[in-house]
There are 2 protein chains.
Amino acid sequence: MNSEKSPPRIPSEPRTRIQRRNHKAILDAALDVFSSKGFRGATVDEIAQAAGLSKPNLLYYFPTKEAMHLALLSTLLDVWLDPLRTLDPQGDPVSEILGYVRRKLEMSREMPRESRIFANEVLQGGPHLGDTLGTVLKPLVDEKVEVIRGWIAAGRIAEVHPYHLIFSIWSLTQHYADFDVQVRTVLGDEGADPFPEAERYLVALFTKLLTP
Amino acid sequence: MNSEKSPPRIPSEPRTRIQRRNHKAILDAALDVFSSKGFRGATVDEIAQAAGLSKPNLLYYFPTKEAMHLALLSTLLDVWLDPLRTLDPQGDPVSEILGYVRRKLEMSREMPRESRIFANEVLQGGPHLGDTLGTVLKPLVDEKVEVIRGWIAAGRIAEVHPYHLIFSIWSLTQHYADFDVQVRTVLGDEGADPFPEAERYLVALFTKLLTP
DNA sequence: TGTTTGTTTGACCAAATGGTCAGGAACACG
DNA sequence: CGTGTTCCTGACCATTTGGTCAAACAAACA
C-alpha cells in the first residue's frame, strides 16, 4: 500500500539517534554555506562535505536543496524574532527598548550566520519566504508598535515614529553581523572586536533618542 | 603582429557609437540583474536578454561575467562614496552630517540597485572587491573621522565614536534600499513611500545624537 | 566598388550541478 | 541467526551555464 521510498518522514520529529545527529549536522553545515554563499551560490555537494556526508546521503534526509533552505529559515525565524517578543509592555520603556537593542546586538555577535542568511534572503526580495514576512513578522511588529505608541502617549519616551524606531534597531544591530568585513576593514587592526564599542555607541544613541 | 581577436580594448574609453551604446545597455542590464539576483544567481543569458543582445554578442564586449561585475563595482564605487567626500570640514558640523545623512538616504531611494549590489558583495565577504575596501574606503573614512574628531574636540558636536557614527549612517540609510521588501511589508499599504517619514526620523535621531 | 575593420550570431563544448537509482552495508529485533 | 528496516554509496542522468568559434553581416573608408 505504502509504495513511497522516501524514508525520513517529518524532519520536525526525527526518529533514530543517527537521524537526529545527521539532521543537526546537515542543518548546521547548511547554515554555514547558505549564509556565506547565498542560496544560489551554495552547492549541495559543499553542504554535504561540510556535514561529513556524501551528496546522495544528504539527499536522503532532505529531498531537495530548497527543502534544506526552507527548514533552516522556518526554524531560525522563531529564534530570530524572539528578542522582540520579550519586549514587555509592563516594564520600564527605556530599559525595555535598550534591552531589545542589547539582545539584538548580542545576536549579531553570537549568530552572524543567522543574520546573514536572512539578509541574503530579504535582499533578493524574499523569494523563499513566501508570505512569512506578512503573516509572522508584520503582526508581531504591529503588536509591539502599539506598545510603543502607548509609551509615547503616556509621555514615558520621546515622540518617535514607532515603525522606524524598530527599523533603526534592526539596521543598526544587524549591520555588525551582515557587513562584518566592512566594519573590520574600516576599523583596522586596532580594536579587533567592534562589539563592545558598538554597544556603548548604540546605548548612548537610543538613550538620547528616547529620553523625553 | 597584433594577433588578438578581442576587439573592444579598454571599456573606459569606447570607440564607436555602437560600442558606447551597447556598453551602456550592458552595464545597465547587469546592474539590474546582479542587484536582484546576486553574482551567482545572475546568468549571462539573462543579462544579455535584458540588454537586448545575444549572449555571444555580450561576451564580445565583456570577456567574462566577472569582468562585467568588476566593471560595475569599480564604476559605482566612486558614485557611492561621493556623498562622504563632500563632507566639508569648514561647514557647520551638524548641518554637514545631517546633509550627509540626507544624501545617503536619497541615494537609497534613487539608486537602490547600486546599494544592493554592494550589500550583496559585502555580505559575502567581498570576494570580488579584492582590497578595495582597504585601499579606497578605509582611507576616505579615516580622513573624515579626523574631521569629526576635530569637531568633537572643539565641542561643536557631542562626543560620539566617529567610526560608529559613520557605520550608523550607512546602516540606517541603506537599510531602506537593501531591505525594501521588509520595510514595505511591515509598514503595509498605508504610506506606500517610506522615505519621507524615514527622513524625518533620521534627521530627528541624528540631531538629538549630535547636539552637545 | 572593393577591402578592411568592427559587429553579430547559430552551433557547439566542457564543466558544474541538482537530483535519481539500484543495490550494498549496518542496525534492530524476533 | 534471520529478517525487515534504516542508512549509505557509486554510478549515472538531464539541465544549466559560462564560454568558444567559424562564419555571416554591417560599416567605414579608400
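To find a chain, count down the sequence lines: A is the first, B the second, and so on, and within it residues start at 1.
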Ignoring hydrogens and angles, answer whether the base of dG18(C) and the side-chain atoms of Lys55(A) contain a donor-acceptor pair closer than 3.5 Å. yes

Short N-O contact, Glu197(A) and Arg200(A), less than 4.0 angstrom: yes

What is the distance from CZ of Arg17(A) to C1' of dA26(C), rounded to the nearest Å? 14 Å

Nearest to the side chain of Thr43(B), which nucleotide is it out of dT17(D), dT6(D), dG6(C)? dT17(D)

Using a cut-off of strictly less than 4.0 Å, decide whether Gln19(B) has a side-chain nitrogen or oxygen near OP1 or OP2 of dT7(C). yes

What is the nucleic acid contact for Ala42(B), judged by heavy atoms within less than 4.0 Å: base, sugar-phosphate only, or nothing? sugar-phosphate

Check whether any side-chain N or O of Arg40(B) sits under 4.0 Å from OP1 or OP2 of dA16(C), and answer yes or no. no

Could you tell me the separation between the CG atom of Asp45(B) and the C1' atom of dA11(C), rounded to a whole number of Å? 14 Å

Indicate yes or no for a side-chain donor-acceptor contact from Lys144(B) to the backbone of Arg85(B) under 3.5 Å, with no hydrogens or angles considered. yes

Which of these nucleotides, dC8(D), dT7(C), dG19(D), is closest to any side-chain atom of Tyr61(A)? dC8(D)

Atom-to-atom span, CD of Gln49(A) to P of dG18(C) - whole angstrom: 13 Å

Take atom CZ of Arg21(A) and atom P of dC27(C), then tell me their distance rounded to the nearest Å. 10 Å

Does this structure show an ion pair linking Asp28(A) with Lys24(A), if we count only N-O contacts that are shorter than 4.0 Å? no

Whole-Å distance between dA26(D) P and Asn22(B) CG? 15 Å

CG of Leu53(A) versus C1' of dT9(D): gap in Å, rounded? 12 Å

Rounded to whole Å, please give me the gap between CG in Leu59(A) and P in dT6(D). 19 Å

Candidate nucleotides dC7(D), dG18(D), dA11(D), ranked by approach to the side chain of Lys65(B) - the nearest: dG18(D)

How close do Val203(B) and Leu98(B) get, heavy atom to heavy atom, and via which atoms? O-CD2, 4.0 Å

Taking only the side-chain nitrogens and oxygens of Thr64(A), find out if one of them lies under 4.0 Å from OP1 or OP2 of dG18(C). no

OP1 or OP2 of dC8(D) versus the side-chain N and O atoms of Tyr60(A): is any pair under 4.0 Å? no

Take atom CZ of Phe62(A) and atom C1' of dC7(D), then tell me their distance rounded to the nearest Å. 15 Å

Please check this pair: side chain of Glu96(A) against backbone of Leu87(A), looking for a donor-acceptor N/O pair closer than 3.5 Å. no

Closest to the 5' end of DNA chain D, once Ile18(B) and Gly41(B) are matched to their nearest nucleotides, is Gly41(B)

Check whether any side-chain nitrogen or oxygen of Ser54(A) sits under 4.0 Å from OP1 or OP2 of dT9(D), and answer yes or no. yes

Counting only side-chain N and O atoms of Asn57(A), is one of them less than 4.0 Å from OP1 or OP2 of dG10(D)? no

